[in-house]
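Data first, discussion second: the structure below is written as C-alpha cells.
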Amino acid sequence: MTPPDAAQPLALGATIGILGGGQLGRMSAMAAARLGFRCHIYAPEADSPAMQVSAAATVAGYEDVAALHRFAAAVDVVTYEFENVPAATLAALEGRVPCRPGPRALAICQDRLAEKQFLTEAGVPVAPWRAVTSEAELTAALAEIGLPAVLKTTRLGYDGRGQAALRRPEDAAPAFARLSPKPLILEAFVPFSAEISAIAARGLDGQLATYDAVENRHRHHILDLSFAPARLPPAVAGAARANVAKVAAALELVGIVALEMFLLPDGSLLGNEIAPRPHNSGHWTMDACSCSQFEQHIRAVAGLPLGPVTRHCDAVMRNLVGPEGLAAWPGLLARGDVVAHWYGKAEAQPGRKLGHANRLLAHGALAGLDDASACDGI
Ligand code: AMP
C-alpha cells in the first residue's frame with residue numbers, strides 16, 4: 001500500500017489514532033466522527049472514556065513496541081490527548097505514520113525548564129526561575145529569587161502535584177527532601193490577580209487562529225471554573241491571545257495549544273504552562289463557538305482548513321469533579337441554560353473530573369456580572 005501523502009488532507013473515512021483514553025480523547029473522537037473520520041484509541045486501560053465512542057481500540061502499554069507498530073499500520077495520522085507521551089513511544093511511531101504535533105512540541109512541554117526557556121525565546125515573559133538539582137543550588141537560587149517562591153518538579157507535575165510553596169527559609173529543606181531526587185525548578189511566587197488562559201490552533205499549512213482568552217478559578221488545585229471571555233481590558237485580552245499565537249508559531253505545532261498565564265495587578269501577563277493539546281479551559285468552546293477546540297484540533301491534524309473561532313455567546317464552564325459532580329448532574333440536565341457533558345468514567349472518586357457543564361449567557365452579559373451571578377448555581 002502507498003503511504004498517504006503527508007501534506008494532503010485526510011480523506012473522509014480515514015482513521016485518526018489517538019494516544020490516551022481520557023475525556024480529551026473522547027471529545028476529540030466525537031468531533032472527528034462529525035467530520036467523517038474514525039478514531040482508533042491507544043491506551044493501557046480498557047473501556048476508557050475515549051474508547052467508548054471510537055471505532056477501534058488498542059489496549060496496550062506505551063512501551064509495547066509491537067503493539068505501537070500495529071497501531072501505526074492501522075491509522076492514517078497519530079495525535080495525543082496528553083503531553084507526557086514517553087519519547088520511546090513516539091520513536092516507535094515516527095517514520096511509520098505522521099505524528100501531530102511532532103516530538104519537539106512534546107519535549108518542550110514535558111519539561112518545565114525547556115518550557116520556560118522556550119517561552120522566553122518566543123517573546124512571552126515568565127517569572128524569574130532557577131534550575132535546582134541539589135540543596136546547595138536551592139540555597140543559592142533562594143538567595144537570588146527570594147521568598148515567597150514555588151519549588152516544582154520539572155517533569156510529570158499536574159494539578160498542583162509535584163510542587164511546594166516556600167514561605168519561610170525553614171520550608172526549603174523539607175520541600176527539597178519531598179520532591180528530590182527529581183530535577184527541580186524554583187520559581188518566584190507570582191502575586192497574580194487572576195489566572196488567564198488562551199488557546200491557539202495551528203494548521204498543517206501554518207494558518208493560526210486563537211480563541212478568546214478566559215479567566216480560570218481553581219479549587220483544591222483542580223480547575224473549577226472558566227469564564228469566557230475573561231473580564232479584562234481589551235488590550236490585555238489581546239495580549240493574552242497574542243502570547244498563545246507566538247507559542248503556536250514558535251512550536252511550529254500542528255494542532256491545539258493552550259497557554260496558562262498569570263495576570264499581574266498592573267495588567268501585565270506572565271506565561272506559566274503550555275499544553276500542546278485540547279485543554280480543560282477550552283471546554284466552553286464546545287457550546288459557545290461553532291467550531292470547538294476539539295474540532296479545531298482534528299481539523300489541524302487531518303490537514304483541513306481551520307474553522308471559525310468566533311464566540312457566539314458568553315459562557316461559564318464548571319468542572320464536575322468526584323461525588324459532588326455526580327450529585328450535581330441531574331439538576332444540571334434540568335436547566336435550560338446549561339449544556340452538560342459526561343465522560344463515562346467507571347468511578348466517581350474524589351478529585352476525578354467526571355464531566356463539565358457550560359452555562360450559556362447572552363453575548364456580552366458576563367462583563368457586568370460577579371462570579372456568583374455568572375455561575376447562577378451551576
Ligand atoms: P502549575 O502546575 O504550574 O500549573 O501550577 C498549579 C497552580 O499553582 C497554578 O495554577 C497557580 O495557581 C499556582 N502556581 C504555580 N506556580 C506559581 C507561581 N510561580 N506563583 C504563584 N502561584 C503559582
Side-chain angles (χ1 to χ4, degrees), residues 22 24 82-84 106 108-120 122 124-132 138 141-168 171-172 175-176 178-179 182-199 213-228 230 232 240 243-244 247 256-283 317-319 321 351 353 356 371:
L24 301 177
F82 68 116
E83 62 271 33
N84 289 315
L106 287 185
I108 290 169
C109 303
Q110 286 178 359
D111 181 342
R112 289 189 195 269
L113 298 172
E115 196 173 56
K116 290 274 190 289
Q117 260 151 8
F118 166 82
L119 282 170
T120 307
V124 178
V126 296
W129 58 275
R130 295 287 182 279
V132 168
L138 177 56
L142 277 170
E144 289 178 331
I145 284 181
L147 286 168
V150 185
L151 187 64
K152 301 179 180 177
T153 55
T154 58
R155 303 180 77 86
L156 298 175
Y158 64 98
D159 288 347
R161 283 171 219 225
Q163 59 175 273
L166 310 183
R167 293 182 188 86
R168 302 158 308 162
D171 294 338
F176 183 81
R178 179 164 73 81
L179 299 173
K182 296 187 176 134
L184 305 176
I185 180 172
L186 183 77
E187 294 176 16
F189 179 83
V190 179
F192 57 80
S193 50
E195 294 191 75
I196 304 294
S197 60
I199 288 177
V214 304
E215 258 170 276
N216 299 316
R217 306 261 187 277
H218 294 84
R219 215 170 143 223
H220 308 308
H221 296 289
I222 297 174
L223 182 66
D224 182 28
L225 293 163
S226 293
F227 297 88
L232 293 174
N243 279 346
V244 75
V247 167
I256 283 277
V257 63
L259 175 65
E260 295 180 29
M261 289 162 271
F262 298 125
L263 173 68
L264 297 178
D266 68 0
S268 59
L269 293 166
L270 294 177
N272 178 38
E273 232 182 358
I274 311 170
R277 51 165 171 79
H279 193 255
N280 197 168
S281 71
H283 289 0
M317 189 279 321
R318 181 181 299 272
N319 268 336
V321 178
K353 294 174 186 169
H356 69 271
D371 283 11

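Positions are given from 1, in the same order as the sequence printed here. All ligand and atom numbering here is 1-based and tracks the order in the structure. Just the heavy atoms: all of them, side chains too, but no hydrogens, waters or symmetry mates, feed the values below.
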Proximity of A127 to ligand 1 by residue part, where a heavy atom lies under 4.0 Å =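 It is neither; nothing of A127 touches ligand 1.
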Can you tell which part of V150 has a heavy atom less than 4.0 Å from ligand 1: side chain, backbone, both or neither?
->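 Answer for V150: side chain.
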Ligand 1 atoms in contact with [X] (distance to a heavy atom under 4.0 Å):
| X | answer |
| --- | --- |
| F192 | 12 (O), 21 (C), 22 (N) |
| K152 | 3 (O), 15 (C), 16 (N) |
| N272 | 1 (P), 3 (O), 4 (O) |
| E260 | 4 (O) |

Parallel, tilted or perpendicular for F192 and F262, by the 30°/60° rule?
->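 Geometry flag for F262 against F192: parallel rings.
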In a check of side chain to side chain contact (heavy atoms under 4.5 Å, CB included) between T154 and each of I185, V132, L179, which one passes?
->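 By the side chain to side chain contact (heavy atoms under 4.5 Å, CB included) criterion, T154 pairs with just one of I185, V132, L179: I185.
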Give me the one residue out of K116, Q117, R155 that meets side chain to side chain contact (heavy atoms under 4.5 Å, CB included) with D111.
->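 That would be R155; it is the only one of K116, Q117, R155 passing the side chain to side chain contact (heavy atoms under 4.5 Å, CB included) with D111.
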At the 4.0 Å heavy-atom cut-off, does A188 count as touching ligand 1?
->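 Right, A188 reaches ligand 1.
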Please work out which of R112, H221, E195, E273 has its closest non-hydrogen atom nearest to atom 12 (O) of ligand 1.
->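 That would be E195.
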Answer yes or no: is there an ion pair linking E195 with R217, defined by an N-O contact shorter than 4.0 Å?
->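 A salt bridge is absent here (no side-chain N lies under 4.0 Å from a carboxylate O).
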Measure the CD-CG distance between E273 and L119 for me, rounded to the nearest 0.5 Å.
->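 The distance works out to 10.0 Å.
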Option passing side-chain hydrogen bond (donor to acceptor under 3.5 Å, both in side chains) with D224 (candidates R318, R219, H218) =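 Option passing the side-chain hydrogen bond (donor to acceptor under 3.5 Å, both in side chains) with D224: R318.
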